[in-house]
Protein chains: 2
Amino acid sequence: MSTMKSPSAIACCPPVTEAALDDETAHRLAAVFAVLGDPVRLRLFSLVASQPGGSCACDLVEPLGRSQPTVSHHLKVLFDSGLVDRERRGRWIWYSARPEALATAAELINC
Amino acid sequence: MSTMKSPSAIACCPPVTEAALDDETAHRLAAVFAVLGDPVRLRLFSLVASQPGGSCACDLVEPLGRSQPTVSHHLKVLFDSGLVDRERRGRWIWYSARPEALATAAELINC
DNA sequence: CCTCTATATTGGCAAGTATCGATATATTGA
DNA sequence: TCAATATATCGATACTTGCCAATATAGAGG
């Protein structure tokens, strides 16, 4: 462990370099990373997150180049992990990003 | 997309909410997330990263509670992804974190 | 050289997962 | 209530991956 924190260092939140993660924290963080660890799902998340008002699920199938069930599956994974929110609007279902959820991952990476 | 970047905003990299990722970028970022997406490997990385001078591989087996080949495997994954560096010192091999590699992931999350 | 020790590689298995076609559910509108 | 459409679920398959035991490799020191 560091003997002393340099006061001249940029004030930042403790990244992973600060201390080893306990088992439970590692599981919690790894779960978020695992969700973002699939290219199709990461791109899906970015598609949803880049639309301020959210996205209709129907608009997400074509740009991903995957079948509707596959996209639905990935959306479920994103929803279950808390990374996106879901709201029914009539016949359609709208997904929107929950950037707070990224804060979990940022715990580790941010600075 | 934003019409203009506020100069008063903290200078920071565009997060995922800024624009949808293209396929290649998604693959590149997802690869990093996938590496961090396993709890044992994430904890291994944090163990290495929390030691300023790096860690001897021999000190990493026991705290992880996994076999030596398994730890070696995870270290290889971390090394291949650029997240850690490797250096032989006599009979031992020292691993150290390369925080720059986290910047790739931070591209997406930070801000 | 030979032994000892540290680390890596191999081989194989079990569990997980990304994917799709087929089908079910749910909502709208006639 | 029925047809049309949007989304979810199911079942199956191929591929990936985390894990360990066994074995190989490679320095250090006699």
Side-chain angles (χ1 to χ4, degrees), chain A residues 21 23 26-48 51 53-96, chain B residues 21 23 26-48 51 53-96:
Chain A
L21 302 172
D23 217 64
H27 271 84
R28 196 168 45 82
L29 290 180
V32 179
F33 287 126
V35 169
L36 299 175
D38 179 81
V40 173
R41 195 157 52 220
L42 179 59
R43 193 139 163 283
L44 174 57
F45 177 68
S46 82
L47 281 167
V48 172
Q51 293 294 334
S55 307
C56 173
C58 60
D59 290 330
L60 297 168
V61 172
E62 188 243 308
L64 278 182
R66 291 296 188 284
S67 70
Q68 178 268 322
T70 296
V71 174
S72 181
H73 161 70
H74 284 309
L75 284 169
K76 178 177 166 54
V77 174
L78 287 170
F79 178 74
D80 289 346
S81 72
L83 280 164
V84 301
D85 220 343
R86 184 157 60 181
E87 183 201 353
R88 182 176 275 279
R89 293 192 198 167
R91 205 183 324 203
W92 299 276
I93 298 191
W94 288 77
Y95 284 87
S96 52
Chain B
L21 302 172
D23 217 63
H27 269 84
R28 195 169 47 84
L29 290 180
V32 178
F33 287 126
V35 169
L36 298 174
D38 178 81
V40 173
R41 197 157 51 220
L42 180 59
R43 195 141 161 281
L44 174 57
F45 177 68
S46 82
L47 281 168
V48 172
Q51 294 293 334
S55 306
C56 174
C58 60
D59 290 331
L60 297 168
V61 172
E62 187 242 307
L64 279 182
R66 291 296 187 285
S67 70
Q68 178 269 321
T70 295
V71 174
S72 181
H73 161 70
H74 285 309
L75 284 170
K76 179 177 166 54
V77 173
L78 287 171
F79 177 75
D80 289 345
S81 71
L83 281 163
V84 301
D85 220 342
R86 184 156 61 180
E87 183 201 353
R88 182 175 275 279
R89 293 191 197 167
R91 204 183 326 201
W92 299 276
I93 297 191
W94 288 77
Y95 284 87
S96 51

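Throughout, protein chains are lettered first and strands after them, A, B, ... in sequence-line order, and every chain is numbered starting at 1.
Closest to the side chain of A:R86, from the set C:dA18, D:dA8, D:dT7, is D:dA8. With C:dA18, D:dT7, C:dA6 as the candidates, the nucleotide lying closest to the side chain of B:W92 is C:dA6.
Using modelled atom types, no side-chain atom of A:R28 and backbone atom of A:A30 make a donor-acceptor pair closer than 3.5 Å. B:R88 places a side-chain N or O within donor-acceptor distance of the main-chain N or O of B:G90, the cut-off being under 3.5 Å. No donor-acceptor pair under 3.5 Å is formed between the side chain of B:S81 and the backbone N or O of B:V32.
In this structure, NE2 of A:H27 is placed 12 Å from C1' of D:dG18, rounded to the nearest angstrom. Note: CG (A:D80) to P (D:dT9) measures 9 Å, nearest angstrom. To the nearest angstrom, P of D:dT7 lies 15 Å from CZ of A:F79. The interatomic distance linking A:L78 (CG) with C:dA18 (P) rounds to 11 Å, in whole Å. As rounded to whole Å, 14 Å separates atom P of D:dG27 from atom CD of B:E87. Residue B:L75 contributes atom CG, which lies 12 Å from atom P of D:dC19 at whole-angstrom precision. Distance, B:W94 CH2 to D:dG27 P: 18 Å, rounded to whole Å. For the pair A:D59 CG and D:dA6 C1', the computed distance is 12 Å after rounding to whole Å.
Nearest heavy atom pair, residue A:V71 against residue A:V61, reads CG2-CA, 4.0 Å. When all heavy atoms are compared, the tightest approach of A:R89 to A:G53 is NH2-O, 3.9 Å.
Counting only residues at least two apart or in different chains, side-chain hydrogen bond (donor to acceptor under 3.5 Å, both in side chains) contacts with residues 30-44 of chain B comprise B:R41-B:H74.
Summarising the geometry, atom CH2 belonging to B:W92 is positioned 13.5 Å from atom CD belonging to B:E87; distances are rounded to the nearest 0.5 Å.
Across the helix from C:dC1-D:dG30 to C:dA30-D:dT1, the helix axis at one end is tilted relative to the axis at the other end by 20° (nearest 10 degrees, each axis from five pairs).
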### Sequence-aligned protein contact record of nucleotides 20-30 of chain C, with B where the base is within under 4.0 Å of a protein heavy atom and S where only the sugar-phosphate is
BBB----SSS-
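In this structure, B:H74 reaches the sugar-phosphate backbone alone: every heavy-atom distance under 4.0 Å involves primed, P, OP1 or OP2 atoms, never a base.
The side-chain heavy atoms of B:V48 and B:L78, taken from C-beta on, include no pair separated by under 4.5 Å.
Geometrically, A:R86 engages A:F79 in a cation-pi contact defined by less than 6.0 Å to the ring centre and at most 45° from the axis.
For C:dA18, the OP1/OP2 oxygens have a side-chain nitrogen or oxygen of A:H73 closer than 4.0 Å. Dashed line: the shortest gap from a side-chain N or O of B:Y95 to OP1 or OP2 of C:dA6 is not under 4.0 Å.
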